[in-house]
Number of protein chains: 2
Amino acid sequence: MIIVDAVAPRTRIQIEKRELILEAALDVFSRFGFRGATIDRIAETAGMSKPNLLYYFRRKDDIYSALMHRLLDTWLQPLRELDDIGDPMTELRGYIRRKLEMSRDYPRESRLFANEILEGAPRIMPLIAGELKTLVDEKVLVIRGWMKAGKIARTDPHHLIFSIWATTQHYADFDVQVRAVLGPDKGAAGRYEDAARFLEQLFMDGLRPKD
Amino acid sequence: MIIVDAVAPRTRIQIEKRELILEAALDVFSRFGFRGATIDRIAETAGMSKPNLLYYFRRKDDIYSALMHRLLDTWLQPLRELDDIGDPMTELRGYIRRKLEMSRDYPRESRLFANEILEGAPRIMPLIAGELKTLVDEKVLVIRGWMKAGKIARTDPHHLIFSIWATTQHYADFDVQVRAVLGPDKGAAGRYEDAARFLEQLFMDGLRPKD
DNA sequence: GGCAATTTTGACCGAACGGACAAAGGTTAG
DNA sequence: CTAACCTTTGTCCGTTCGGTCAAAATTGCC
């Protein structure tokens with residue numbers, strides 16, 4: 001992956017401050033979307049003045065791009081770890097678990113990504129059609145191999161991946177709705193445990209080889 | 001449900017123009033989100049001037065509210081139709097099919113709703129915690145009844161509903177990503193057929209009673 | 001046809017926003 | 001210590017946006 005930074009960080013302060021800004025930007029962008037987020041608000045969250053922030057990132061878009069590039073990298077990590085060598089059912093169960101843990105531990109990242117896609121991915125379309133598609137294509141071949149070998153049930157690998165994405169990310173992206181529907185009794189921990197149990201059962205039942 | 005209209009429509013023109021505006025607003029809001037949408041753009045899409053539009057809806061929020069209220073009503077229709085009387089497996093299969101058809105036929109509504117929830121549902125929280133939760137609670141009881149009767153496998157009804165929502169709405173909300181990953185070969189029709197087949201198999205396998 | 005009510009429009013306003021800039025204040029290496 | 005470079009800030013500008021207003025145009029009713 002190629003990262004183009006408007007200002008290549010050179011000094012200690014630049015490295016620290018850029019990190020501080022990206023952390024603040026993640027907070028603000030994921031809450032308000034690209035248009036709803038203001039430079040002033042990001043600067044305030046990062047504890048600096050607007051002109052100061054603009055010294056590190058010349059444009060609002062630059063902050064957003066830097067954030068999206070970094071985000072997508074960690075975002076695809078669970079899928080990258082889906083390994084051809086291991087036991088298929090174990091591998092897929094592990095993938096679902098890791099993906100759900102990402103929703104639990106990085107909800108801001110999930111919402112930011114969802115927001116971008118929802119708007120038509122105007123800023124990261126190349127990454128989606130490039131890096132992401134390549135990775136999915138690769139893993140689809142792995143899954144298809146497992147199916148041919150009779151290790152898991154035959155089904156559509158693409159839609160299997162979509163379903164795993166959809167169900168796991170739902171708990172981050174629609175968190176407000178999930179909490180409202182479940183009521184106040186369930187804490188976050190219990191919610192995610194129940195979800196993990198349910199999803200594991202759902203997908204394992206769907207993937208167990210039939211004969 | 002209570003609908004509060006800032007201006008109660010009285011004349012023929014008011015009824016027609018308000019309809020025209022809401023249609024345009026759905027288009028614009030679902031593409032740009034609440035903050036990204038401008039009154040000017042909605043007015044332009046509706047083929048009228050901004051002050052003219054503001055004659056029918058005094059505030060931007062009023063358009064948005066009117067839209068959300070109407071939307072939620074049709075949005076919950078498939079779940080309302082989940083019937084206690086029918087055969088459980090058939091009922092649930094029908095629900096999944098209807099929900100997927102809604103994603104196919106009303107993607108703008110799906111995206112608008114997703115956007116609102118993603119932002120924390122600031123404008124429709126009462127509806128989510130009220131009307132929606134009530135409906136879900138009711139249907140959860142129905143599903144739980146089916147489980148106790150041994151008609152479907154025992155699992156968590158709440159998370160079952162969440163999974164159906166997540167997987168079906170994914171095809172509307174993440175449409176851009178789905179298209180990019182599947183490549184240009186698949187048309188919309190084929191995509192939705194494949195998805196329907198996959199989801200039906202996944203959930204039917206997961207719900208078939210075990211003994 | 002004429003009058004009242006409704007609808008449409010152009011012009012305008014204040015606030016918020018993205019961004020520019022120059023000057024002031026710090027930091028660091030020789 | 002000092003000169004060169006890096007960092008921070010106050011101020012300002014043009015644009016966009018939500019919303020107002022009064023006047024003009026149109027419609028509906030007797």
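Labels below follow one simple rule: chain letters A, B, ... track the order of the sequence lines, proteins then strands, and each chain is numbered from 1. Just so it is clear, the structure is predicted and the values come from calculations on it, not from any experiment.
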Using a cut-off of 4.0 Å between protein heavy atoms and nucleotide atoms, how would you tag nucleotides 15-21 of chain C 5' to 3' with B, S and -? --SBBBB
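The distance from atom CG of A/Leu53 to atom P of D/dT8 is 11 Å, rounded to the nearest whole Å. Protein atom CE of B/Met48 is 9 Å distant from nucleotide atom P of C/dT9, rounded to whole Å. Remark: P of D/dG28 and CD1 of B/Ile15 are 13 Å apart, rounded to the nearest angstrom. Protein atom CG of A/Leu20 is 10 Å distant from nucleotide atom P of D/dT8, rounded to whole Å. Atom pair A/Glu16:CD and D/dT8:P shows a separation of 10 Å (rounding to whole Å applied). Between the P atom of D/dT11 and the CG atom of A/Asn52 lies a distance of 16 Å, rounded to the nearest Å. Distance CD (B/Gln14) to P (D/dG28): 12 Å, rounded to an integer number of Å.
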Please lay out, stage by stage, how B/Tyr64 and B/His69 fare under the test ring pair (Phe, Tyr, Trp, His ring centres under 6.0 Å). CA-CA 9 Å; B/Tyr64 193 80; B/His69 275 85; over 10 Å; no
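Residue pairs meeting the ring pair (Phe, Tyr, Trp, His ring centres under 6.0 Å) criterion with at least one member in residues 176-204 of chain A, sequence neighbours excluded, do not occur.
Residue B/Tyr55 has no polar side-chain atom (N or O) positioned under 4.0 Å from OP1 or OP2 of C/dT9. In this model, the phosphate group of C/dT9 is approached by a side-chain N or O of B/Ser49 to a distance below 4.0 Å at OP1 or OP2.
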Can you check nucleotides 26-29 of chain C for protein contacts, nitrogen or oxygen pairs under 3.5 Å, and list what you find?
none

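A salt bridge links B/Arg35 and B/Glu119; the closest N-O separation between the charged side-chain nitrogens and carboxylate oxygens is under 4.0 Å. In summary, A/Asp194 and A/Arg197 engage in a salt bridge, as defined by a charged side-chain N under 4.0 Å from a carboxylate O. Using a cutoff of 4.0 Å between basic side-chain nitrogens and carboxylate oxygens, B/Asp40 and B/Lys50 are scored as salt-bridged.
Residues passing the side chain to side chain donor-acceptor pair (under 3.5 Å) test with A/Glu23, sequence neighbours excluded: A/Arg108. Listed by chain and residue number, nothing satisfies the side chain to side chain donor-acceptor pair (under 3.5 Å) test with B/Arg104 (two or more places apart in sequence, or in another chain). Remark: B/Gln201 engages A/Thr155, B/Asp205 in a side chain to side chain contact (heavy atoms under 4.5 Å, CB included) (not counting sequence neighbours).
With A/Phe57 as the aromatic partner, A/Lys17 does not meet the cation-pi criteria of under 6.0 angstrom to the ring centre and within 45 degrees of the ring axis.
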